[in-house]
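Just below is one structure, and these are the notes that go with it.
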Amino acid sequence: TDTARIAALTSITSTDGIIIDIPANYQEEKSLTLQIKSSSAGISFGHIVIIARTNSKITLITDQEGNETSSIKISIFVEKDAQLNHIATTSESAKTQFSQHRYYVAERGQVTHIDTNKAAYQGERSIQTYLEGAFSKAEHYHLSVLSSKAKYDLQSVVTHSAPNTTSGIFARAVLDDQSHMIYRGMINVEDGARDSI
């Protein structure tokens, strides 16, 4: 986690990016919405780093929109006893979208990732969660309803690195017209991650 955090913070200096720091013990019942708009100048790149401090709880909605191709990387660090729910959406008018989500979850931390795509969406999304603390938990939910000539490539991976960790991946898609989707899901259980489910 420390190596990943340093790399994420360092990369912000070379791309358009922001840091969201959720204070320890901060708990918000209402969701926080972050709109991500692509630049009119062409392909845009950005990096969002989110740190959910100890015992915090928040729901974050990220909405990608804009008429240009864009690429976004989101690195989220969920500290001890923190809980983060992340809902990723994309507007129907958005052009090709590339997004990469990385979650690093500490002891007893919890992360829930939910993403939806619809209509003629064009894009690629990679979601990877690393359960690095004992009794941490992750759930990935993916729902796509695609039509027209939509093309969507989805990768969803959870890696158990600590004992007594829990995860689940749930993916559903409805494809209509000439839409096309590639789905790759995997749960890795490393040595030492005993009693994980």
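The model shown is predicted, which means the values in this text are computed figures rather than measured ones. Position 1 is the first residue of the sequence, and the numbers go up from there.
- F170 and M181 fall into different hydrophobic clusters, defined by Ile, Leu, Val, Met, Phe, Trp and Tyr side-chain heavy atoms under 4.5 Å apart, directly or through other members.
- At least one side-chain heavy atom of D153 sits less than 4.5 Å from a side-chain heavy atom of R184.
- Looking at every heavy atom in both residues, A119 comes nearest to A150 through O-CB, 3.4 Å.
- The line from NE2 of H160 to CG of D195 is 12.5 Å long, rounded to the nearest 0.5 Å.
- Enclosure of atom CG in L143 by more than 12 non-hydrogen atoms of other residues, nucleotides or ligands within 6.0 angstrom is indicated.
- Listed here is the closest heavy atom pair of L84 and A52: CD1-CB, 4.3 Å.
- With a 4.5 Å cut-off on side-chain heavy atoms, I127 and L154 count as touching.
- Between the side chain of D177 and the backbone N or O of S148, at least one donor-acceptor pair lies under 3.5 Å.
- Heavy-atom minimum distance, S126 versus Q155: OG-OE1, 3.1 Å.
- Under a hydrophobic-cluster definition in which Ile, Leu, Val, Met, Phe, Trp and Tyr are linked whenever side-chain heavy atoms come within less than 4.5 Å, directly or via other members, I197 and L131 are assigned to different clusters.
- Between the side chains of S99 and R125, a donor-acceptor pair is found at a separation under 3.5 Å.
- Side-chain atoms of E79 come within 3.5 Å of backbone atoms of T54 as a donor-acceptor pair (strictly under, hydrogens ignored).
- Interatomic distance, OH of Y104 versus OG of S75, reported as 5.5 Å (0.5 Å rounding).
- I20 and V105 fall within the same hydrophobic cluster, defined by Ile, Leu, Val, Met, Phe, Trp and Tyr side-chain heavy atoms under 4.5 Å apart, directly or through other members.
- Side-chain atoms of T129 and H113 form no donor-acceptor pair, as typed in the model, at a separation below 3.5 Å.
- Of all the heavy atoms in A162 and A134, the pair that sits closest is CB-N, 3.6 Å.
- Note that OG of S136 is 10.5 Å distant from CZ of R108, once rounded to the nearest 0.5 Å.
- Here the shortest heavy-atom pairing between R53 and A82 reads O-CB, 3.4 Å.
- Side chains of F98 and Q100 form no contact here, defined as non-hydrogen atoms less than 4.5 Å apart.
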Q128/T159 under side chain to side chain contact (heavy atoms under 4.5 Å, CB included): CA gap, chis, key distance, verdict: CA-CA 8 Å; Q128 294 191 24; T159 300; 5.9 Å; no
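- In this structure, CD in E139 is found 8.5 Å from OG in S167, a value given to the nearest 0.5 Å.
- One hydrophobic cluster, built from ILVMFWY side chains closer than 4.5 Å, cannot hold both I61 and I18; they sit in different ones.
- Counting heavy atoms from C-beta outward, L60 and I22 have side chains that stay 4.5 Å or more apart.
- For the residue pair H86 / Y103, a side-chain donor-acceptor distance below 3.5 Å is found, with atom types taken as modelled.
- By the criterion of side-chain heavy atoms lying less than 4.5 angstrom apart, applied directly or through intervening Ile, Leu, Val, Met, Phe, Trp or Tyr residues, L32 is grouped together with V111 in one hydrophobic cluster.
- Y121 is not listed as a side-chain neighbour of S144, based on a closest heavy-atom distance of 4.5 Å or more.
- Side chain of Q83 to backbone of T112: no donor-acceptor contact under 3.5 angstrom is found.
- Nearest heavy atom pair, residue G109 against residue V78, reads CA-CG1, 4.2 Å.
- Between T59 and I87, some side-chain heavy-atom pair lies under the 4.5 Å cut-off.
- For the residue pair S147 and D176, no side-chain donor N or O sits within less than 3.5 Å of a side-chain acceptor on the partner.
- Taking CG from D81 and NZ from K57, the interatomic distance works out to 13.0 Å, rounded to the nearest 0.5 Å.
- The closest side-chain heavy-atom distance from V49 to H47 is below 4.5 Å.
- To the nearest 0.5 Å, the span separating CD on Q122 from CG on N117 amounts to 11.0 Å.
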Audit row: I72, T62, side chain to side chain contact (heavy atoms under 4.5 Å, CB included) steps and yes/no: CA-CA 11 Å; I72 189 76; T62 54; over 6 Å; no
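- Residues T165 and S196 bring a donor and an acceptor atom of their side chains to less than 3.5 Å of each other.
- Side-chain contact between H180 and I182: present, with at least one pair of heavy atoms (C-beta onward) separated by less than 4.5 Å.
- Judged purely by distance below 3.5 Å, without hydrogens or angles, the side chains of D63 and T89 pair a donor atom with an acceptor atom.
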